[in-house]
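One structure is given below, encoded as structure tokens.
The figures here come from the full heavy-atom set of this structure, side chains too, leaving out hydrogens, waters and symmetry mates. Below, chain A is the first sequence line, B the second, and so on; all start at residue 1.
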Number of protein chains: 2
Amino acid sequence: MTYSIGQVADKLDISPYTLRYYDKEGLLPFVDRNAAGRRRFKDNDFNFLEVIVCLKEAGVPVKQIGHFIDLCMTGDSTLHDRYDFLAEHEAQLEAKMARLQHTLDFLRWKKWYYKTALQAGTESIHYLPGTNHVDPAVHAEFNRLVANGAQPKDLGAL
Amino acid sequence: MTYSIGQVADKLDISPYTLRYYDKEGLLPFVDRNAAGRRRFKDNDFNFLEVIVCLKEAGVPVKQIGHFIDLCMTGDSTLHDRYDFLAEHEAQLEAKMARLQHTLDFLRWKKWYYKTALQAGTESIHYLPGTNHVDPAVHAEFNRLVANGAQPKDLGAL
DNA sequence: ATAGAATCTAGAGTTAACTCTAGGTCAAGC
DNA sequence: GCTTGACCTAGAGTTAACTCTAGATTCTAT
């Protein structure tokens, strides 16, 4: 069973342009061509495509993905390099997810900030008296609510 | 207390170029200037900068961040819009983190794939007999190990 | 007072990752 | 047999987010 570039594009929800671009960048050396020069993807190619899509989602630049594919094509002598490559990007992704968790926490505190302002009808309830400057005690209050067991995700809900 | 662009750049670990670029894009309308036209950041400005950095980390485009800052400068009439803006990006970030968790799971399975290949000295232990194609049973085996209580994070460790 | 460092603006240059155009080939349906 | 749509390559164009340059000004430390 083989697949045209359009069929693969549909399956992966990627444009054929993008697939050709990846090919140009060396990400698809495993893809066969028919007599007319058209790409014919095999079932096994989806194992590679899955890895490419995964690394893309992980934020790995196309050039580095190309390097990984090179390692794959070289054979068993590169098994260790491939392991290290994945371990490195696993670590980077873990770090990124930790950062995003902090970002999410921050968004939730700000949502609570606006929820309470909205309920008061004015943001100025959060200001230091006589200024336009946010009272640091407001954030401390939010943290106190969380420390007392409230879910940050719920505190901001209207 | 005020801060120069260089001091703010150091604190936020952003280049002064980038801060000026953000200013040009309308992200910093709240920043004062001294008599000579130089930017003077106030303590309260860090509340805005914190939001900008957070939205950047969340993957929000600069233009949209500019729109949010516009809302902030407009006053209490935009409180609801600001709440909705944050709620929308909270949802997007949650979705992204769920995708990244799948990506991380995939990286861990591939790490295990290479760990076992490495221990066998060859990737071919994962191939269907007489082919270069990966046996789907290999992934199934990994899933079985996870279903039996193994931690994906540990299965790939050398 | 003065040298070196930091800042300013306007605008050019860079990079990554697409995205599309032009001009041509090929395959399927009527 | 012919049209329509998918595919091909090479290469140009686009977009976002910086990043830097040039030329002028200002601040700081001796």
TODO: Find which nucleotide of DNA chain C each of B:Gly37 and A:Tyr22 is nearest to by heavy atoms, and output the residue with the more 5' nucleotide.
DONE: B:Gly37

Open item on the list: Ignoring hydrogens and geometry beyond distance, is a side-chain donor-acceptor pair present between B:Asp43 and B:Tyr3 at under 3.5 Å?
Closed with: yes

- [ ] Decide yes or no on salt bridge (charged side-chain N to carboxylate O under 4.0 Å, His left out) for B:Arg39 and B:Asp32, but give the supporting numbers first.
- [x] CA-CA 6 Å; B:Arg39 294 173 184 82; B:Asp32 292 339; over 6 Å; no

- [ ] Would you please name every residue forming a ring-ring contact (aromatic ring centres under 6.0 Å, His included) with B:Tyr127, sequence neighbours left out?
- [x] none

Task: Which residues share a ring-ring contact (aromatic ring centres under 6.0 Å, His included) with B:Phe48, sequence neighbours left out - done: B:Phe30

TODO: Could you tell me which residues satisfy ring-ring contact (aromatic ring centres under 6.0 Å, His included) with B:Tyr22, sequence neighbours excluded, listed by chain and number?
DONE: none

- [ ] Would you please confirm or rule out a distance under 4.0 Å between OP1 or OP2 of C:dC8 and any side-chain N or O of B:Arg39?
- [x] yes

Atom pairs and distances, side-chain donor-acceptor, residues 10-19 of chain B, under 3.5 Å, sequence neighbours left out:
from	atom 1	to	atom 2	distance (Å)
B:Ser15	OG	B:Tyr17	N	3.4
B:Ser15	OG	B:Thr18	N	3.1
B:Ser15	OG	B:Thr18	OG1	2.9

TODO: Mark up nucleotides 19-30 of chain D, 5' to 3', with B wherever a protein heavy atom is under 4.0 angstrom from a base atom, S wherever such an atom reaches only the sugar-phosphate, and - elsewhere.
DONE: BBB---BBS---

Open item on the list: Please verify the inter-ring angle class for A:Trp112 with A:Phe142; under 30° counts as parallel, over 60° as perpendicular, anything in between as tilted.
Closed with: tilted

TODO: Taking only heavy atoms on the protein side, list every residue of residues 53-71 of chain A lying under 4.0 Å from any atom of DNA chain C, sorted numerically.
DONE: A:Lys56, A:Pro61, A:Val62

Open item on the list: Assess whether a salt bridge exists between B:Arg108 and A:Glu94, defined as any Lys/Arg side-chain N lying under 4.0 Å from an Asp/Glu carboxylate O.
Closed with: yes

Task: N or O in side chain of B:Arg20 less than 4.0 angstrom from C:dG11 OP1/OP2 - done: no

